[in-house]
Every structure is written in structure tokens, then in C-alpha cells.
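Keep in mind that this is a model prediction, so the values were computed, not measured. Within every chain, numbering begins at 1; the chains are lettered A, B, ... in the order of the sequence lines, protein sequences first and strands thereafter. Side chains included, hydrogens not; waters and symmetry mates left out as well; all remaining heavy atoms used.
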Amino acid sequence: MPKKSRNTKTGGEILIFDNQYIQERIKKTKKLREIGINPYPNQIKKGMPSKHFLAENEILKELDAEVKKDETKHYTLTGRIKFVRIMGKAAFAKIEDNDGLVQIYYNRDDLPEGYYNDVVKKLFEVGDIIEAKGFPFVTQTGEITLHCTEVNIVSKAIFPLPEKFHGLQDQELRYRQRYLDMIMNPHVKETFVMRSKVVSLVRRFFEEKNFLEVETPMMHPIPGGANARPFITHHNALDVERYLRIAPELYLKRLIVGGMEAVFEINRNFRNEGMDHTHNPEFTMIEFYWAYHRYTDLMNITEELFDYLFDNLGLDRKLPYGEIKIDFTTPFTKVPYIEALTTIGGIPAEITKDKVKILAYLKEHKIEADENLTLGYLQAELFDAFVEEKLINPTFITDFPVDISPLARRSDDNPDIAERFELFMAGKEIANGFSELNDPIDQYERFKAQVDTKEATGDDEAMHMDTDYVKALSYGMTPTAGEGIGIDRLVMMLTNQHSIRDVLLFPAMKPEAPRPELQPLCDVETICKKCGHDVAEDLKPAKKGKGMFCIDVAACKQRAQEKAK
RNA sequence: GACCCGUUAGCUCAGCUGGUAGAGCAAUUCACUUUUAAUGAAUGGGCCCUAGGUUCGAAUCCUAGACGGGUCACCA
């Protein structure tokens, strides 16, 4: 049998199982069936959580007897076998459930006739999920253990687990096979339990403040609410392009126009940009909008939220983050944007307010910048290069240049700055909030300025003109403050994780490297029935009947037309 | 996108200036009725990421590529 076609079928056998270890395990599975044991039974109930079992039998350790045990008690435990130590006619194993490891003991004489030698010892192994019934005792080395009178298979594993001591180290496998990572590296689960708690608490916090949770579209006709490149998809029935949302902002503010005075949404945004340790193409944000409030109120409620999270998670206000320590004690420091350039970034004040001087300063420090950028954008270049990474403890940077804040309200005192802040910690942006721009004419002009920027600098992340949104504002929106908080990055801070991939259950990965011989056999027709297009990646099978059709309907039509000519 | 590092048994990793591919765990067989990464003995297990090149000979050297990790750039 050829060894080289992992993903194909040959002779009716699926060859991902073509491996000595897997074959051994499949043999054992078959043997179980032969002797009338279903390796995948359906009627098993979860046993007592291992933690409860251990806690409840802690008292056995106090017994004065030679053998510390209580045969009057009966327990059922369930879990995955992580270790097996067979010593002839008796054996110890450790099984793991959601709470952790617990030891079980079984021997030839206390199990049904022949069951130990023929079944448990030979056919149960590390990786299998089992059910164990018996009474508690304490071993000579002082470990509370279940002495089994019955052991049953719950689910047979036909793939072996990684090595028991070193576990699964390979980062790639850890991300691609997260379930295996979770089986082998218990702390991984802790991080995601923490993440779940954070999301839940954030939701509860806003609900308790009478915010309404809403769900707005994820497929947008015009991408908006942030500066970012969107993913593009196609709606077949309408034959239109749709953009996966880069932010929910503009829809949430439409709801404020509609009279909802406090709303929030926690969900994914999608940005078609580079990936690194702080960027995943899909990421989770909470955005909330609060009528009759200003950006200063947002800073207060943000501090309140952090206190709420830390109190409910029982976390110390000073948390380690790699080499550094972050002090989350509220209130957080507040520094105006331009001031931060000087006090934190160390840039002479006279430079920070002059385009020509900034360009010279940037050049001096070997930072490339487009000369067509406006003052605000140039100040942003300075901020990114000299300030951002120095913001370790939570810091609100306030009063942003208005031209880099196209959706924020101008300050009544100074038309060049916006009522906006961003919250930074450990050199990373965590939140962004502002008093919302509710002047429809001003909003129109700002969109237009974005479109102009796009033309002047080719910045394809600048915003699009969204006249539908301007129309909504034109009906009148109450003065409103709105904020977005990056949940992934927040969880990174709270769990001392330095890669966003470690707080995402299934981070985005490139497709696995294809091995040439392993390509699936393709015996169906490989050209589009309508236009004759023959690039396999562009084709999909017909919904009904046979044949292939183009995924991109518009392109298909065009090809068909050209062919007709 | 640029640079650096990695890819060898199911897993964790060795493999020197090029000379028949190694260990531990795991697996198979045997011994062992309180072990703690159980122990002892024997056996089996490799497209050395892929494709080219240099060479009498390549896991090893060269070129290109794939995937992963890191640094930087991009992402206000």
C-alpha cells in the first residue's frame, strides 16, 4: 500500500489512519466490538467532578487504619486517561476531567472475571475516555484514589496523545489542533476560561447600567467606522459586493438616532490587514454608545469597568506583563495628545505644531512620512514613533487632532482638536472613545476630507463617503459618547499573554503546506459549464445535478459574453 | 513586505569538517497486585518539509519554494 496519499482514498481505506500507532488502536477498537463492547457508547453520564471526589475524601487521610479506605462509599468518575502504570495484576491510571487529574486503581481480582486481563489491561490506553466506579482509599504515598470495581470505555481514541512529559510544544500544532493543546497543556484552558469570564463580566457591567445589547449587520454595503481595509464578499441573489464589517460604529449610532439611548454590541470585526502578535484578521470588540454623555463620562465609566472586572475576577491591581508590571489602580493618568508628544515622547514643543518641522524631525529620525499628510496625521506619526510604546500603566491620551478623528465631535473651545481619547497600556491601544460628531454637514465634510486623503496619498484605508449614515444624522442625533474596547488585547493584558493567538481559540493560520502527492483526486469536470473557465480555485460544484460553476458570478457572465462575441 | 531562526520516528529532541539514521517517551511482546514521568528485558517503527543543484556519495553544502516562530515595517 503506498504510504504517500494521506488525504485520498485508495482501496476504500482512508489513509490518514495509515500509521502503526493508529492501526494498533483501530485493532483494539475492533476487538472491543468483537467481544460485545461498544467503543462509543451513548448512555454514559458524567461522573462526579474529580475535585468533589478529592475534597469529599480528604478525611480518609485522617483515618488511623492500616489501609485507609471507605468501602461503604461508591463513586463514579469519568475522564480521559493521561497516565497508565501497569504492574502485573494491578494497575494505576490517572484520568482527567474538566477539574483536573484524579488517580484510579484497578486489579485482576476486583473486576469481573477476565475483564482485567482481556479488556482493561489490553484494550484501554492513554487517550481513551473511561468511566470508573468504585470506593475511595488512600495509597501508601498518600494519594486519594478510586479503587475500581467497574471500568467502562466511554470513547476510544484512535490517535495517540503527544508525549506525556514534554507534551505538545510545537506552536503550529498547538494553534491548528487547539483541542490537543487543551488536552496536553492545562493552563491553556485557564486562559480561555478567563477570557470567557471577561466577556461575561463586560456584558453584565453594561446591562447593569441599563445598556441594551444589540446585533447589527456584519455584512456592510459600505465599510465604515474605522480606517481599515475590509474583506470583500459577494451576495449572489442580489449580485452585489458586501464588506465584512470593520466596525459596528455607524449602525450603532443609527440606533441612537432611532431613540435607543444606551446600546452596546460585543462581537467580531474583520480587517483585511497584516497579522502579527497583536493583530488577527477577526477580533472581538465591545462598542457602546451613550446618549447625553461626553467623552469625559466615557473615561469615568471605563475606569469603573476596570474596577468592576478586577473586583469580580479577584485580580491584584498590579499585574505582571512579561518583564514589566502594569498598575491598574484607578483613576488612570490623563495626558492631552499634543502634550504627550513633548512630556512623554520628548519632542520639543515648538516642533509638534509645525508641519515642516515635524517632517524634518521625522526625517532626522529616519521615519518615512508622506509630505501630503496634514498636521494631525504627522502628529500621529510622531505619537506612534515616540509615545505609544512608553505608555505602560493605563493612560488616557485625550484631545486628538481632529483630522485623524473623522467621526468625533470637535471641541467647542478649539476646533482643531476632537473630544476624543484612547486608552493605552503596555504600549498598546486598548480602547478608543469620543463624543460623537452629530452635525450632519460637518460629518459630510469629514467624509469628504477622508476621500480627498485617499486620493492625495493613496491611503486605501481612509474612510468612504457614507451618505446613508449622513442621512441618518440629518434627522438629529442626541449628543452621544461612544467607545470601543478591544477584548482580545484586554485579555492579553489580564492573562500575561504576548501573542493575540494565545487568547484566540482558533487563530487565523495559513493553509497547511500541501504535499504534492496528497492533493485530493479530482475526477469531476474541472471547467465552468457556463463560461468554460478552468481555474479550479474559482469553481464550485453545482447545487443540484453535476458539473462546476464559477464562484464569481459577475466575472463568469463577462467571460460568457466575451465568448459569445 | 524585509531580515533572522526552525522543520529528522506518533511526541520531545540529538545528529561534528559530507560517508549506511539516533535517544527518551509512546507502541508491540514478556515479567511484576499500592505506582507517581513506575520498573526490568526484548522487538518493531523514518519521503530527515518540497523541488532543483554541487559531489563518487547530501539529513548535513548551495539555490528556489512551502509552513511555523521571532524582529522590523505596515496597521492613525
Side-chain angles (χ1 to χ4, degrees), chain A residues 2-6 19-25 27-28 67-69 82-94 101 103-110 116 121-122 125-127 137-143 145 147 158-176 180 184 226-229 246 271-279 281 337 366-369 373-374 376-385 388 397 400-401 403-406 420 422 429 432 450 453 459-463 498-499 501 507 509-518:
Chain A
K3 259 191 174 174
K4 328 201 163 169
S5 32
R6 200 168 45 175
N19 165 294
Q20 55 164 324
Y21 305 96
I22 296 159
Q23 285 302 320
E24 283 294 340
R25 284 170 171 261
K27 260 190 240 163
K28 291 176 185 173
V67 184
K68 298 172 179 179
K69 61 179 178 180
K82 297 296 288 287
F83 303 92
V84 177
R85 295 183 276 274
I86 295 173
M87 289 155 303
K89 298 174 189 66
F92 285 89
K94 290 226 166 146
L101 289 167
Q103 182 164 261
I104 63 171
Y105 168 83
Y106 44 88
N107 62 39
R108 187 192 61 189
D109 300 335
D110 296 327
Y116 175 81
K121 191 168 139 187
K122 281 208 179 125
E125 57 202 318
V126 171
F137 77 111
V138 179
T139 63
Q140 285 175 358
T141 47
E143 181 163 351
T145 302
H147 186 130
I158 62 168
F159 272 37
L161 291 182
E163 198 230 359
K164 62 188 171 189
F165 189 57
H166 298 93
L168 188 66
Q169 301 289 334
D170 189 310
Q171 287 286 12
E172 182 172 357
L173 292 181
R174 288 188 49 215
Y175 295 141
R176 288 193 197 278
L180 202 53
M184 299 312 295
N227 296 69
R229 269 202 300 265
I246 53 176
R271 298 190 183 174
N272 205 343
E273 292 165 353
M275 293 157 60
D276 61 27
H277 61 291
T278 54
H279 295 83
Y337 198 92
K366 292 179 180 155
I367 298 164
E368 283 178 43
L373 291 175
T374 59
Y377 276 95
L378 288 170
Q379 288 166 333
E381 294 286 338
L382 291 177
F383 186 88
D384 292 347
E388 188 166 6
I397 298 297
F400 273 56
D403 43 346
I404 59 167
S405 312
R420 173 185 177 191
E422 284 187 355
E429 177 195 338
N432 178 16
Q450 287 279 311
T453 301
D459 178 4
D460 54 358
E461 286 164 6
M463 291 184 185
H498 294 251
S499 169
R501 300 185 142 196
M509 301 287 281
K510 278 198 196 180
E512 273 182 90
R515 315 192 79 185
E517 307 89 328
L518 305 186

Listed range with range, the stems formed with RNA chain B by at least 3 consecutive Watson-Crick or G-U pairs (under 3.5 Å) are B:1-7 with B:66-72, B:10-13 with B:22-25, B:27-31 with B:39-43, B:49-53 with B:61-65
Across all chains, not counting sequence neighbours, the side chain to side chain donor-acceptor pair (under 3.5 Å) partners of A/Asp276 are A/Thr278, A/His279
From NE2 of A/His279 across to P of B/A73 the rounded distance in Å is 12 Å
Residues passing the salt bridge (Lys or Arg N to Asp or Glu O under 4.0 Å) test with A/Lys89, sequence neighbours excluded, are none
Out of B/C11, B/C67, B/G10, minimum distance to the side chain of A/Tyr21 belongs to B/G10
Expected string for nucleotides 37-42 of chain B under the B/S/- scheme (protein heavy atoms, under 4.0 Å, primed atoms plus P, OP1, OP2 as sugar-phosphate) is BB----
Hey, does the side-chain of A/Glu172 have a donor or acceptor N/O within less than 3.5 Å of a partner on the base of B/G69? no
With sequence neighbours left out, the residues meeting side-chain contact (heavy atoms from CB on, under 4.5 Å) with A/Pro401 are A/Tyr337, A/Gln379, A/Asp403, A/Ile404
Mind checking the P distance from B/C13 to B/U7? Whole angstroms is fine.
-> 10 Å
In whole angstroms, the gap separating P of B/A26 from CD of A/Glu125 amounts to 12 Å
Sorted by chain and residue number, the side-chain contact (heavy atoms from CB on, under 4.5 Å) partners of A/Glu163 (sequence neighbours excluded) come out as A/Phe165, A/His166
Open item on the list: Say we look at B/A42 and B/C32: how far apart would their C1' atoms be, to the nearest angstrom?
Closed with: 16 Å
